[in-house]
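Encoded as structure tokens, the structure appears first; notes follow it.
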Number of protein chains: 2
Amino acid sequence: MDATNREIIRILLADGRASFQAIGRQVNLSAPAVKRRVDQMVARGEIAGFTAVIDPSALGWNTEAYVELYYDGNVLKSELETNLSTIPQVVGVWSVTGDADALVHVMAGSMAELEDVIELIRSNAKMNRTRSAVVLSRLFQRPRL
Amino acid sequence: MDATNREIIRILLADGRASFQAIGRQVNLSAPAVKRRVDQMVARGEIAGFTAVIDPSALGWNTEAYVELYYDGNVLKSELETNLSTIPQVVGVWSVTGDADALVHVMAGSMAELEDVIELIRSNAKMNRTRSAVVLSRLFQRPRL
DNA sequence: TCTGAAATCGACATCTA
DNA sequence: TAGATGTCGATTTCAGA
């Protein structure tokens, strides 16, 4: 991971569809050389992929919340993942330090739908309680790493 | 926002560098027709842009935390944004319902750096307290919306 | 549909450990 | 001298009008 690769990543974060030629102009390389570096970074997993950044409200996802999960006793990470990944509205799950066992990011179309999702999450037998923070507004977000 | 546009978005979420021609094959449109639709969605802000998905550890960002902020009295959203956007390790800020006033996503290179960032966030005069959840592991995450 | 531009791939040159 | 990395030219594919 040298300085040139970091610069290529910086450019691709800002514009994921930048042409290899255009990137090459900025880092003083030919298009094939840029492509080779990008292919390597993808193969090594440093670049996980490319994606569009969508305005959630354009898809009708108007309600967003972060939910802390508190379990009774220990819960396996694999168990968490298995249970939660089946819920489409769950867009991210992290295990964390502190009081809570896990943090879940939920996107829903309405408050009612959010309520249903939280109820579904709570239905796990080992669940002790949940603690939700509904997003009022996204103040800012940098390009995802 | 018809079904075809949703399908185009679905494809672009999975592969942000998919060619218009390849997309067209999947949605039964010509490449120019797809481009016209994508351009429109970008112009309307439904597609905010395109980006690479980077493995944070490849850039040395090994430590990640979500921090709840509790203020004394009211704090303007603009004030929050002004203060926090100057800290590079702060990658996202949301104002939320519940006990906390705001939720901050922090990415740092080490626990020591994370500590420094939290101390910096705490230095605001109106800050009452913070509550941090350090990410132990990312169990899964869907393509960002 | 058409034209110019870009991506892609192979072959070869260069630098370095 | 082997491995990594670069350029160049030919061909295919794509973007944009």
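Note on naming: letters A, B, ... go to the chains in the order of the sequence lines (proteins, then strands), and numbering restarts at 1 for each one. Keep in mind the model is a prediction, meaning the values are calculated, not measured.
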If you draw a 6.0 Å radius around CD in Gln40(A), do more than 12 non-hydrogen atoms from other residues or ligands fall strictly inside?
yes
Whole angstrom is fine here: how far is it from CZ in Arg17(B) over to C1' in dA6(C)?
11 Å
Tyr71(B) and Phe140(A): same hydrophobic cluster, using ILVMFWY side-chain contacts below 4.5 Å?
yes
Let me see the working for Arg122(B) and Glu119(B) under salt bridge (charged side-chain N to carboxylate O under 4.0 Å, His left out), right down to the final yes or no.
CA-CA 5 Å; Arg122(B) 275 189 179 140; Glu119(B) 194 165 346; over 6 Å; no
Rounded to the Å, how far apart are Gln21(A) CD and dT13(D) C1'?
14 Å
Ignoring backbone atoms, establish whether Gln40(A) has a side-chain N or O less than 4.0 Å from OP1 or OP2 of dT5(D).
yes
Pairs under 3.5 Å (N/O, protein and nucleotides 7-12 of chain D):
| from | atom 1 | to | atom 2 | distance (Å) |
| --- | --- | --- | --- | --- |
| dT7(D) | OP2 | Ser30(A) | N | 3.1 |
| dT7(D) | OP2 | Ser30(A) | OG | 2.7 |

To the nearest angstrom, the CZ-P distance between Phe20(B) and dT1(C) comes to 20 Å
Between atom CG in Asp2(A) and atom P in dC15(C), what is the gap in whole Å?
18 Å
Whole angstroms only, please: what is the CZ-C1' distance between Arg37(A) and dA4(D)?
10 Å
Phosphate OP1/OP2 of dA15(D) contacted by Lys35(B) side-chain N/O (<4.0 Å)
no
Would you say the side-chain atoms of Glu113(A) pair up with the backbone N or O of Gly109(A), donor to acceptor, closer than 3.5 Å?
yes
Can you get from Leu103(A) to Met107(A) by hopping between Ile, Leu, Val, Met, Phe, Trp and Tyr side chains that sit under 4.5 Å apart?
no
Flag yes if more than 12 heavy atoms outside Asp2(A) fall under 6.0 Å of its CG atom; otherwise flag no.
yes
What is the separation between atom CG on Asp39(A) and atom P on dG6(D), rounded to the nearest whole Å?
13 Å
